[in-house]
Amino acid sequence: MSTIKRLKIGKRMSQIVIHNETIYLAGQVGNPGDGVTEQTKTCLEKVDSLLRDAGSDKTRILQTTIWLDKMDDFEKMNEVWDSWVENGNAPARACGESKLANPDFKVEVIVVAAKI
């Protein structure tokens, strides 16, 4: 039988769901009011922390979905992303434009990773 473990459980969602050896993170956002560069840094710091809590790290990310409130910020977000992703460990990735939950959010990062 497969196992499901939920961590950092809230009323509406869990920040981490582990099914067998796969980790699913809720979408991570930065601080409202910050620019896209700072929000991206904050998102990725949160991803690092959550992956540690789940028994993994960024080298084990399988897939990432990134939502930007406007594609004009694509290059600024990528500058942060490119410095964060370790050479040879880039996951499958999609990036698109969408209205986010709060109009002050510029970026949201969603991750699926493997356990170590």
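Numbers here are sequence positions counted from 1. All values below come from the heavy atoms of this structure, side chains included, with hydrogens, waters and symmetry mates left out. Bear in mind that the values here come from a model prediction, so they are computed numbers and not experimental data.
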- Item | Sidechain-backbone polar pair: Glu21 side chain, Ala114 backbone, donor-acceptor under 3.5 Å | no
- Task: Would you name the heavy atoms of Gln39 and Asn31 that are closest together and state the gap between them?
- Result: NE2-O, 3.2 Å
- Side chains of Leu62 and Pro91: does their closest heavy-atom pair fall under 4.5 Å? no
- Measure across Glu108 and Gly27 and return the closest heavy-atom pair with its distance rounded to 0.1 Å. OE2-CA, 3.3 Å
- Item | Heavy-atom closest contact (Arg6 atom, Val17 atom, distance) | NH1-CG2, 3.8 Å
- Query: Hey, are Glu45 and Gln28 close enough side-chain-wise for a donor-acceptor pair under 3.5 Å?
  - Reply: no
- Message: Please give me the minimum heavy-atom distance between Ala113 and Leu51, naming the atom from each residue.
- Response: CB-CD2, 3.7 Å
Donor-acceptor pairs are to be reported for all side-chain atoms of residues 93-103 against protein atoms at under 3.5 Å, with residues two or more places apart or in another chain.
from   : atom 1 : to     : atom 2 : distance (Å)
Arg93  : NH1    : Asn78  : OD1    : 2.9
Arg93  : NH2    : Asn78  : OD1    : 2.9
Glu97  : OE1    : Met71  : N      : 2.8
Asn102 : OD1    : Asp104 : N      : 2.7

- Ion pair present between Asp73 and Lys106, side-chain N to carboxylate O less than 4.0 angstrom? no
- Task: List the steps and the verdict of side-chain contact (heavy atoms from CB on, under 4.5 Å) for Val47 and Lys58.
- Result: CA-CA 8 Å; Val47 166; Lys58 66 184 173 183; 5.7 Å; no
- Message: Would you say that Glu79 contacts Thr37 through its side chain, given a criterion of any heavy-atom pair below 4.5 Å between the two side chains?
- Response: no
- Message: Distance check, rounded to the nearest 0.5 Å: Asp57 atom CG versus Ile23 atom CD1?
- Response: 9.0 Å
- Task: Using a 4.5 Å cut-off on heavy atoms from C-beta on, say whether the side chain of Ile4 contacts that of Ile18.
- Result: no
- Heavy atoms, side chains only, cut-off 4.5 Å: are Leu25 and Ile110 in contact? no
- Looking at Phe105 and Pro32, what are the two nearest heavy atoms and their distance? CE2-CG, 3.5 Å
- Message: With a 4.5 Å cut-off on side-chain heavy atoms, are Thr64 and Trp81 touching?
- Response: yes
- What is the distance from atom CH2 of Trp67 to atom CE of Met77, rounded to the nearest 0.5 Å? 12.0 Å
- Task: Begin from the C-alpha positions of Val107 and Val29 and carry the test side-chain contact (heavy atoms from CB on, under 4.5 Å) through to its verdict.
- Result: CA-CA 6 Å; Val107 59; Val29 294; over 6 Å; no
- Query: Can you name the nearest heavy-atom pair linking Ile16 to Ala54, along with the distance?
  - Reply: CG2-CB, 3.9 Å
- Note on the structure: So CD1 of Ile9 and CD of Gln15: to nearest 0.5 Å the spacing works out to 11.0 Å
- Item | Contact check, side chains of Asp53 and Ser49, non-hydrogen atoms, under 4.5 Å | yes
- Counting only heavy atoms not in Lys76, do more than 12 fall under 6.0 Å of its NZ? no
- Task: Answer with yes or no whether the hydrophobic clustering places Val85 together with Ile66; edges join I, L, V, M, F, W, Y residues whose side-chain heavy atoms lie under 4.5 Å apart.
- Result: yes
- Task: Evaluate the side-chain proximity of Thr22 to Val112: yes if any heavy-atom separation is below 4.5 Å, no if none is.
- Result: yes
- Task: Following the transitive rule for hydrophobic clusters with a side-chain heavy-atom cut-off under 4.5 Å over Ile, Leu, Val, Met, Phe, Trp and Tyr, establish whether Leu44 and Phe74 coincide in one cluster.
- Result: yes
